[in-house]
Amino acid sequence: KPPEPIEEVLPQATWVVEAEVAEVLSTGPKPPPPPNAKPGATSVGYKSAAQQVKLKVTNVLRGEATKELIVQKPEAGYLLEAGNKGPFLIDASKTILGRYGPDSWSLERVKQHLAH
């Protein structure tokens, strides 16, 4: 699946930051495969567990200036690990937006849409 259109997600973002995952604080249980999955399938390729992560912020493009954010990664088709970096769009509840987190859109694309 392609990422959601940035035009639909960006208005939901309270923070738009360039950041690196400094630490994974917790990882929830793996969600079960969807009902239409083949027998014996795992959640790989579908949704991965929710996580709580600490982000080391290097640049704030929208939102309150900060050097660190503790955020929630919802169940989604990716897992984060220390060292992952890129543009993070984060809503008011401190949940990462975008189907693929920091890999949903390039930094250049995020900056272009923020400029409009």
Side-chain angles (χ1 to χ4, degrees):
K1 280 184 161 180
E4 306 91 332
I6 193 167
E7 300 85 6
E8 293 176 11
V9 179
L10 194 56
Q12 301 171 44
T14 300
W15 285 276
V16 178
V17 299
E18 290 177 67
E20 179 175 343
V21 176
E23 182 180 357
V24 176
L25 302 172
S26 66
T27 300
K30 285 186 178 182
N36 60 346
K38 294 179 181 171
T42 65
S43 61
V44 174
Y46 302 110
K47 286 190 174 183
S48 292
Q51 295 176 296
Q52 183 179 57
V53 300
K54 183 188 297 186
L55 296 178
K56 178 183 167 192
V57 177
T58 56
N59 189 20
V60 177
L61 302 168
R62 174 190 284 174
E64 185 179 323
T66 186
K67 296 287 183 192
E68 181 180 284
L69 283 168
I70 294 178
V71 298
Q72 305 300 316
K73 184 212 70 94
E75 287 185 2
Y78 69 100
L79 277 176
L80 292 171
E81 54 187 48
N84 289 139
K85 56 185 165 181
F88 286 84
L89 280 63
I90 303 163
D91 72 10
S93 68
K94 293 190 178 177
T95 299
I96 298 170
L97 301 170
R99 188 169 288 136
Y100 306 110
D103 292 332
S104 293
W105 312 279
S106 70
L107 179 59
E108 293 75 26
R109 188 160 179 217
V110 170
K111 286 181 176 180
Q112 284 175 345
H113 284 274
L114 282 171
H116 288 91

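Count residues from 1 along the sequence.
Under the 4.5 Å side-chain contact rule for hydrophobic residues, Tyr100 and Trp15 do not share a cluster. Cluster annotation: Leu79 and Val71 are assigned to distinct hydrophobic clusters (Ile/Leu/Val/Met/Phe/Trp/Tyr, side-chain heavy-atom contacts under 4.5 Å, transitive).
Atom CD of Glu18 is separated from atom OG1 of Thr58 by 5.0 Å, given to the nearest 0.5 angstrom.
In plain terms, the two heavy atoms of Leu80 and Pro102 that are nearest each other are CD2-CD, 4.0 Å. Contact record, Ser104 with Pro3: O-CG, 3.2 Å, taken as the closest heavy-atom pair. Nearest heavy-atom pair, Ala82 versus Ala22, reported as atom, atom and distance to 0.1 Å: CB-O, 3.9 Å. Of all the heavy atoms in Val21 and Leu55, the pair that sits closest is CG2-CD2, 3.9 Å. For the pair Pro31 and Ser48, the tightest heavy-atom approach, listed with the atom from each and the gap, is CD-C, 3.8 Å. What you find for Ala49 and Pro29 is that their closest heavy atoms are CB-O, 3.4 Å.
Listed by first and then second residue, the side-chain hydrogen bond (donor to acceptor under 3.5 Å, both in side chains) pairs that reach into residues 107-116 come to none, sequence neighbours excluded.
By the side chain to side chain donor-acceptor pair (under 3.5 Å) test, Gln72 pairs with no residue at all, sequence neighbours left out. Scanning for side chain to side chain donor-acceptor pair (under 3.5 Å) contacts around Thr95 gives Ser93, with sequence neighbours left out. Taking Glu23 as the reference, Lys54 meet the salt bridge (Lys or Arg N to Asp or Glu O under 4.0 Å) condition, with sequence neighbours excluded.
Other residues, nucleotides and ligands contribute more than 12 heavy atoms inside 6.0 Å of the CD atom of Glu7.
Annotation for Ile70: hydrophobic cluster partners, listed by chain and number, are Leu25 (ILVMFWY side-chain heavy atoms under 4.5 Å, direct or chained). The hydrophobic cluster containing Val9 also includes Ile6, Leu10, Val16, Leu61, Leu89, Leu97, Trp105, Leu107, Val110, Leu114, under a criterion of side-chain heavy atoms closer than 4.5 Å among ILVMFWY residues, counted directly or through chains of members.
Under a 3.5 Å cut-off, the side chain of Arg99 and the backbone N or O of Pro2 do form a donor-acceptor pair.
Gln51 has its side chain out of reach of Tyr78: every pair of non-hydrogen atoms, C-beta onward, lies at least 4.5 Å apart.
A cation-pi arrangement is not found for Lys73 relative to Phe88, the charged atom failing to lie both closer than 6.0 Å to the ring centre and inside a 45° cone about the ring normal.
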